[in-house]
Number of protein chains: 2
Amino acid sequence: MELSNCVKIFKALANEQRLKIFFMIRKGCCSTEDKAGSAFRIKNKTCCPVAGVIEKAFTKVCECMNLSRSTVSHHFKELQNAGLISCQRDGQMYRCKVNEEVINSMRDFLK
Amino acid sequence: MELSNCVKIFKALANEQRLKIFFMIRKGCCSTEDKAGSAFRIKNKTCCPVAGVIEKAFTKVCECMNLSRSTVSHHFKELQNAGLISCQRDGQMYRCKVNEEVINSMRDFLK
DNA sequence: TTTATAGTTCGACTGTATTGGAACAATAGA
DNA sequence: TCTATTGTTCCAATACAGTCGAACTATAAA
C-alpha cells in the first residue's frame, strides 16, 4: 500500500466519531460485544438484520450519535473516500458495509 | 484497547511526515527495502548499527526530511505520546525504538 | 572557559478539520 | 399531487494541527 494512501486511511480513523461510525457499521449497531462498547445500542430498536451489512445506516448513526445529518454525511464521505466502507442507496434504504480487504491491507502494512 | 487510545494512535500516524519518521525508526533509516521507500536513505552516511534501535535518530530525521528541528521535536513527541516509540537520550546520542507491542495491539484492534 | 552541537519550549502564523444550519433533491407514502 | 423522510451540498464559525524562528538548556569538545 502506498504511504499516502495509508495516511488517508489513518486520517479517516483518527477521529473518535468516525471511528465509532466505522465500528458501528462493521460490527452491527446493536451488537453488545463490539469493540466500541455499549455506546451504539439503540433503545427500542431492532437489530440490523443482515450480517456484514448495516441497513438504514445513516439514520441509525444520526440517532445514536448526537450529530447533525450534514456532519454525519460528511463523516460517511470521509470513510468512503478512504475506501474503508461502501455505501449504496436503495430507495430510502441506505446500506453500508466495511471493506474488509482494506482493513487487511492495513494490518499487513503494520506488520 | 480503549477507543480514545486508538484514536490517539491513528492521529499520530495520520500525518505523512510522522508516518515516515515512524517507519524510519522502525525499519532503520538506511534500509532500502523499507515500506517508506528510498526517501530515507542519507547520502554518504553510515547505517544505523543497532538492529531495532535507531541511534542519532533526531539528527538523522532532520537531515532526511526538510523540516526544522522544532517541528521534528514536535513530531517525535506526538509519536511518543501515542506510545508508538520510546526515546532515550544518552549524552548527545538520541536512541529510539518502536514499541512493537503497541503495533500488535493495533493489529488486533483491526481484527 | 569558550564554542559547537543537540534537542526543547514558546509564540505566532497558516491551513485544515469538525460542526451545524439552511436550502436543496430524491424518494416513499397518503 | 401533497407531505414527510432521507441524504447532499454550500456556507460560515470555531477549533485544532503543522510549521518555523528565536530563545533557551544541556552536553561534548577544543
Side-chain angles (χ1 to χ4, degrees), chain A residues 3-4 6-22 24-25 29 42 45 48 53-82 84-97, chain B residues 3-4 6-22 24-25 29 39 42 45-46 48 53-82 84-97:
Chain A
L3 195 79
S4 61
C6 205
V7 168
K8 206 179 199 177
I9 292 170
F10 280 132
K11 270 211 173 87
L13 296 176
N15 172 280
E16 187 156 344
Q17 315 306 330
R18 272 200 301 272
L19 193 55
K20 280 183 182 174
I21 294 172
F22 175 74
M24 193 168 165
I25 294 167
C29 59
I42 308 174
K45 297 278 174 182
C48 341
V53 177
I54 167 170
E55 300 192 348
K56 285 199 149 204
F58 195 99
T59 305
K60 285 185 177 173
V61 167
C62 285
E63 277 184 67
C64 284
M65 312 184 67
N66 224 7
L67 295 173
S68 73
R69 281 177 303 155
S70 63
T71 300
V72 170
S73 178
H74 165 71
H75 284 324
F76 269 88
K77 285 250 173 313
E78 289 291 308
L79 290 171
Q80 281 183 271
N81 198 245
L84 285 163
I85 62 170
S86 299
C87 299
Q88 203 184 355
R89 223 180 140 170
D90 176 17
Q92 271 183 322
M93 184 73 83
Y94 199 75
R95 275 183 241 268
C96 287
K97 69 175 183 61
Chain B
L3 195 80
S4 61
C6 204
V7 169
K8 206 179 199 177
I9 293 169
F10 280 132
K11 271 210 172 89
L13 297 176
N15 172 279
E16 188 155 344
Q17 315 305 331
R18 272 200 301 272
L19 193 56
K20 280 184 182 173
I21 294 172
F22 174 74
M24 193 170 166
I25 295 168
C29 61
I42 308 175
K45 297 280 173 182
T46 51
C48 343
V53 176
I54 166 169
E55 299 192 350
K56 287 198 151 207
F58 195 98
T59 305
K60 286 186 176 173
V61 168
C62 285
E63 278 185 65
C64 284
M65 313 183 66
N66 223 7
L67 295 172
S68 73
R69 280 177 302 154
S70 61
T71 300
V72 170
S73 178
H74 166 70
H75 284 324
F76 268 88
K77 286 252 171 310
E78 289 291 308
L79 289 171
Q80 280 183 271
N81 199 246
L84 285 164
I85 62 170
S86 299
C87 299
Q88 204 184 353
R89 225 181 139 170
D90 176 16
Q92 272 183 322
M93 183 73 83
Y94 199 75
R95 275 184 240 268
C96 286
K97 70 175 184 59

task: Test side chain to side chain contact (heavy atoms under 4.5 Å, CB included) on B:N15 and A:V7 and set out the steps.
output: CA-CA 6 Å; B:N15 172 279; A:V7 168; 5.9 Å; no
- prompt: Checking side chain to side chain contact (heavy atoms under 4.5 Å, CB included) for the pair A:L84/A:R18: CA distance, chi angles, key distance, verdict?
  reply: CA-CA 11 Å; A:L84 285 163; A:R18 272 200 301 272; over 6 Å; no
Worked check of side chain to side chain contact (heavy atoms under 4.5 Å, CB included) between A:F10 and B:I9: CA-CA 9 Å; A:F10 280 132; B:I9 293 169; over 6 Å; no
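B:F10 has its CZ atom 17 Å from the P atom of D:dA17, to the nearest Å. When the C1' atom of C:dA6 is taken as reference, atom CD of B:E63 falls 12 Å away, rounded to whole Å. As rounded to whole Å, 12 Å separates atom P of C:dT8 from atom CG of B:L79. Summarising the geometry, the separation between CD on A:Q80 and P on D:dG7 is reported as 12 Å, rounded to the nearest angstrom. Computed from coordinates, the B:E78 CD to C:dG7 P distance equals 18 Å when rounded to whole Å. The distance between atom CG of B:L67 and atom P of C:dG7, rounded to the nearest whole Å, is 15 Å. Spacing between atom NZ of B:K77 and atom P of D:dA17 amounts to 17 Å, rounded to whole angstrom units. The CG-P distance, from A:N66 to C:dG20, rounds to 8 Å in whole Å.
Within 4.0 Å (heavy atoms only), B:F76 reaches no atom of the nucleic acid at all. B:H75 comes within contact range of the sugar-phosphate backbone alone, with a heavy-atom separation under 4.0 Å but no base atom that close. Across all strands, B:Q17 comes closer than 4.0 Å only to sugar-phosphate atoms, never to a base (heavy-atom distances).
Close to C:dA22, at under 4.0 Å from its OP1 or OP2, lies no side-chain N or O of A:R69. Note on A:N15: every side-chain N or O is 4.0 Å or more away from OP1 and OP2 of C:dA17. Phosphate contact (OP1/OP2 of C:dT8, side-chain N/O of B:Y94, threshold under 4.0 Å): present. Dashed line: the shortest gap from a side-chain N or O of A:S73 to OP1 or OP2 of D:dG7 is not under 4.0 Å. Between A:T71 and C:dT18, a side-chain N or O to OP1/OP2 separation shorter than 4.0 Å is absent.
Relative orientation of the B:Y94 and B:F58 rings is perpendicular, given thresholds of 30° and 60° on the angle between their planes.
For A:K11, the listed nucleotide lying nearest its side chain is C:dA17; candidates were C:dA17, D:dT6, D:dT9.
For the atom pair CD1 (A:I21) and CD1 (A:I85), the distance works out to 8.0 Å, reported to the nearest 0.5 Å. One finds the NZ atom of B:K11 at 11.5 Å from the SG atom of B:C6 (value rounded to the nearest 0.5 Å). With values rounded to the nearest 0.5 angstrom, B:M24 atom CE is found 3.5 Å from B:C64 atom SG. The CE atom of B:M65 sits 4.5 Å away from atom CD of B:Q17, with the distance rounded to the nearest 0.5 Å.
The number of heavy atoms from other shown groups lying within 6.0 Å of NZ (B:K97) is above 12.
Between the side chains of B:S70 and B:S73, no donor N or O sits under 3.5 Å from an acceptor N or O.
Below the 3.5 angstrom threshold, one finds a donor paired with an acceptor across the side chain of A:S70 and the base of C:dG20.
Each end of the helix from C:dT1-D:dA30 to C:dA30-D:dT1 gets its own axis from five base pairs, and the two axes differ in direction by 20°, given to 10 degrees.
Within residues 84-91 of chain A, the residues that place at least one heavy atom under 4.0 Å from DNA chain C are, in residue-number order, A:G91.
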